[in-house]
Amino acid sequence: MKKIKNLTRFGLAALLTLSLGYSVHAQLPAASKIPAIPFGKIEIITTQITPHFYALTGSKGVDPGHPEGAGGRIGVFVGPEGIFMVDASYAPLSDKVMAAIRKISDAPIRFLVDTHEHPDHTGGNPNFAKLGALLFSREEVREDLIKPFPPAVAAVIGSAASDKDPARLPTVTYGSKGTVKIYLNGEVIDLIPVVTSHTNGDSMIKFEHEDVIMIGDFYRNYGYPFTDPTHGGTFKGIVSAVDTLLKIAGPNTKLLPGHGTVIQKKDLVLYRSMILDIQAKVQTMIGEGKTRPEVLAAKLTASYDVEVPGGITPLPAGLGTSADRFVGYMYDELKAAK
Ligand SMILES: [Zn+2]
């Protein structure tokens with residue numbers, strides 16, 4: 001695929017901004033126009049998913065980029081040998097996350113794995129590393145986390161994540177091929193690399209006996225599908241990742257996305273067909289010589305909008321809707337692939 005020029009123009013600043021929920025195609029707004037996240041108002045909500053697995057999410061209506069629940073969902077697997085965490089949400093929430101975990105278990109935090117590099121999933125990394133967690137991620141995630149934020153990005157990220165604390169960096173990394181297996185508390189935990197989809201460093205984390213998979217951000221049900229093209233993400237990859245998930249999930253497996261509600265395998269079917277439907281419609285319009293604004297004006301998602309919460313709710317700072325971001329990125333991807 002050719003380089004997407006109008007995406008690289010904004011580079012890392014855009015990536016980090018969009019990872020907090022903003023669009024890369026609108027002009028990157030001045031940091032002062034982006035509402036700050038009021039971390040002090042965020043509560044951590046604990047939900048027991050299975051006998052030994054819990055999900056921790058931030059409260060609703062506080063995080064401008066994630067009104068359905070602040071930050072990225074955290075998975076917590078507990079047992080006598082120790083705790084295994086999936087993702088770490090924003091750094092300023094770590095004390096509250098830790099307090100929530102201590103209501104579940106007094107065992108040590110042994111392992112933490114990042115599903116991908118975005119700060120709403122990795123911001124808390126250094127705090128849990130300092131509590132003794134051994135950090136795992138794809139090599140691509142570590143390569144991204146090691147880069148310092150440019151000043152404009154630092155202004156947007158604020159205190160959500162540090163680009164300086166050495167403890168933020170994963171100690172153990174793995175590549176895009178093969179599954180890493182961790183044996184803990186009688187459970188088998190699979191760190192499964194995913195093809196470039198939401199980002200180039202996605203993983204799914206499967207807990208075989210609990211029958212739970214933390215699936216990261218290539219699936220979402222608040223707003224439309226979202227890929228991060230500044231980190232190689234593609235909708236083509238998202239469809240492929242969904243196909244992989246359809247193969248490894250059983251009919252009753254609990255699938256926990258980074259954002260939105262817990263789903264089951266059957267919920268992936270409509271998601272997959274919707275992406276392919278919009279892809280075909282955008283491809284047709286490109287074939288007819290339509291421009292990006294013309295494709296956006298056609299409101300191709302209209303028949304899905306009632307089914308997708310947050311799909312046509314404006315994003316913060318006047319940056320359009322999730323539907324426009326989905327269709328616009330799809331246009332860019334198909335255009336660049338020509
Ligand atoms: Zn993400």
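Both counts, for ligands and for their atoms, begin at 1 and track the order of listing.
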Asks: Can you give the angle H118 ND1 - the Zn ion (ligand 1) - H116 NE2, rounded to 10°?
Replies: 100°
Asks: Between R168 and D163 (side chain of the first, backbone of the second, donor and acceptor by atom type, cut-off under 3.5 Å), is there such a pair?
Replies: yes
Asks: Which N/O/S atom belongs to H198 and is the closest one to the Zn ion (ligand 1)?
Replies: NE2
Asks: More than 12 non-hydrogen atoms from neighbouring residues, nucleotides or ligands closer than 6.0 Å to CG on D165, yes or no?
Replies: yes
Asks: Determine, using ring centers only, whether F235 and Y329 are less than 6.0 Å apart.
Replies: no
Asks: Is any N, O or S atom of D217 under 2.8 Å away from the Zn ion (ligand 1)?
Replies: yes
Asks: Could you check whether the rings of F207 and F84 sit parallel, tilted or perpendicular, using 30° and 60° as the cut-offs?
Replies: perpendicular
Asks: Verify the distance test for H121 against the Zn ion (ligand 1): any N/O/S atom under 2.8 Å, yes or no.
Replies: no
